[in-house]
Structures are given as structure tokens and as C-alpha cells.
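In what follows, a single structure is set out as C-alpha cells and then discussed.
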Amino acid sequence: MERSRADDLIEICRLKARYFRFLDTKQWAELRALLDDDLVYYADTSPAPESTKPAVVGADAFVARVSQSFADAVSVHHGSAPEIDFITDNEATGIWAMYDWVDDKRTRQCRKGYGHYHDRYKKDTHGRWRMTEVRLTRIRVDLSPSVLTSAGRRDG
């Protein structure tokens, strides 16, 4: 049975939902399975994409970076209002409004961030969509003291 463009749209939305869930639940192997081997990650502190040099190249390096960054943190990532455009039958781009909350006991900071993910996707030889580029842009970041105890739980 041939997949329709609507089926591909749903699969891309499910891919991004899993990305957020696996980040927050620290399921690193599952997160890695969503990524193309040659993933490119950019982190812009601006509201629009600007950087020309990636922060990380390679899916394994990306997972190593986020697993280390979130080792002592509790995070919540939300994505909404996806704008998915198909370039070809096997390539697409997406822009997602995002909110993230990261409370890190190591840095003793809680960060609430607002911005967008600008992604690229491709369908692999098995017909599964994978992320090939992730670019995070920031509109605003609010910092406050961490509420985590040394055991990683909330005070109170």
C-alpha cells in the first residue's frame, strides 16, 4: 500500500513528538534511532536562524551532548503549530513553535525558553522519516534558581 502525503505528515509529527519525549525521559538510544547518522545541529540565540557553523555534527555526537547536558536536569519540551513543507517525496522541512523548561541541579538554574525548531527530515531506505538537521532558535529565555534537591527531586 502506497503512503500518502498525509501519512508522511503524520509520521513527521510523530517523529518530533518522540524527539521531545525521548529528550525528557532520557531515552538516549531511542532518541538516537530518530536521527540520521549525519545529523547537523545548530543552536541560535537569535529569534531567526543565523549561524552558519553547526554546534554539533553527527547523530552520535548530538546524543552525547544532550545526554551530558541533561544528566543532572529535569526537562520538559513542548512543540506545537508545525509548519511542514515537502521538498520531494523523501525530503521535508518543518518549523515548530517550542517551549522548554530545564531545571539543572548542576548549574543551580532553571531555564524557561521560548522559540522555534527549524528541522529537516528525510525518508530512509526503509520508508522511515529521520531528522537530518535540527536548528533551535530562541525568542526569549527566563532564568531562575533551581528547585531541585541534590537527589534530583523538587524541594517542597
Side-chain angles (χ1 to χ4, degrees), residues 9-84 91-124 126 128-156:
L9 176 64
I10 290 167
E11 285 306 310
I12 289 171
C13 289
R14 290 172 52 104
L15 170 66
K16 192 64 176 187
R18 288 182 184 115
Y19 170 87
F20 291 130
R21 179 167 54 92
F22 294 154
L23 273 177
D24 294 338
T25 58
K26 301 179 182 182
Q27 296 181 63
W28 307 126
E30 292 82 355
L31 177 66
R32 172 60 181 89
L34 305 177
L35 310 174
D36 185 70
D37 290 343
D38 299 323
L39 175 86
V40 180
Y41 172 73
Y42 296 86
D44 289 310
T45 56
S46 59
E50 291 181 348
S51 53
T52 57
K53 183 178 179 192
V56 178
V57 175
D60 293 333
F62 175 76
V63 172
R65 177 179 171 147
V66 296
S67 64
Q68 181 180 8
S69 293
F70 292 164
D72 294 319
V74 174
S75 66
V76 177
H77 288 80
H78 288 192
S80 61
E83 302 173 52
I84 308 299
E91 296 175 279
T93 61
I95 301 173
W96 297 78
M98 65 76 66
Y99 165 81
D100 66 353
W101 177 88
V102 180
D103 195 344
D104 191 337
K105 74 177 182 185
R106 182 180 40 199
T107 63
R108 297 182 175 178
Q109 277 194 323
C110 182
R111 179 186 74 233
K112 289 190 282 188
Y114 309 84
H116 294 90
Y117 274 98
H118 301 256
D119 297 336
R120 291 189 162 282
Y121 313 99
K122 78 174 180 181
K123 198 184 301 184
D124 68 16
H126 302 288
R128 295 175 301 213
W129 286 95
R130 297 288 177 255
M131 301 173 84
T132 62
E133 182 176 305
V134 176
R135 182 184 293 266
L136 177 58
T137 61
R138 297 282 187 180
I139 295 171
R140 177 185 174 127
V141 176
D142 296 328
L143 300 174
S144 60
S146 174
V147 297
L148 294 177
T149 66
S150 61
R153 293 184 296 273
R154 290 181 55 97
D155 287 330

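- L31 is listed as a side-chain neighbour of Y19, based on a closest heavy-atom distance under 4.5 Å.
- Put simply, the side chain of H78 does not reach to within 4.5 Å of the side chain of W101, judged on heavy atoms.
- Around CZ of R21, the count of heavy atoms belonging to other residues, nucleotides or ligands within 6.0 Å exceeds 12.
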Quick one: side chains of residues 46-57, donor-acceptor pairs under 3.5 Å with protein atoms, not counting sequence neighbours, listed by atom name and distance.
| unit_1 | atom_1 | unit_2 | atom_2 | d |
| --- | --- | --- | --- | --- |
| S46 | OG | A48 | O | 2.6 |
| S46 | OG | E50 | OE1 | 3.4 |
| S51 | OG | D44 | OD1 | 2.6 |
| S51 | OG | R135 | NH1 | 3.2 |

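- W28 places a side-chain heavy atom less than 4.5 Å from the side chain of L23.
- For the side chain to side chain contact (heavy atoms under 4.5 Å, CB included) with R130, the lone residue among D124, D37, D38, L35 that qualifies is D124.
- Applying the salt bridge (Lys or Arg N to Asp or Glu O under 4.0 Å) test to D60 and every residue at least two apart in sequence or in another chain returns R32.
- For CZ of R14, the number of neighbouring non-hydrogen atoms (other residues, nucleotides, ligands) closer than 6.0 Å is 12 at most.
- Other residues, nucleotides and ligands contribute over 12 non-hydrogen atoms within 6.0 Å of the NZ atom of K26.
- Sorted by first and then second residue, the ring-ring contact (aromatic ring centres under 6.0 Å, His included) pairs involving residues 46-70 (not counting sequence neighbours) are Y41-F62, F70-H77.
- Side-chain atoms of R106 come within 3.5 Å of backbone N or O of S69 as a donor-acceptor pair.
- Looking at R138 and D100, a side-chain N of the basic residue comes within less than 4.0 Å of a carboxylate O on the acidic one, giving a salt bridge.
- Between M98 and I139, the closest side-chain pair of non-hydrogen atoms is not below 4.5 Å.
- Taking the side chain as every heavy atom from C-beta outward, S75 and F20 never approach each other to under 4.5 Å.
- Remark: side-chain polar atoms of D103 are paired, donor with acceptor, to backbone N or O of V147 under 3.5 angstrom.
- L39 and E133 make their closest contact through CD1-N, 3.8 Å (heavy atoms, listed as atom of the first residue, atom of the second, distance).
- Ring planes of Y114 and Y99: tilted class, angle from 30 to 60°.
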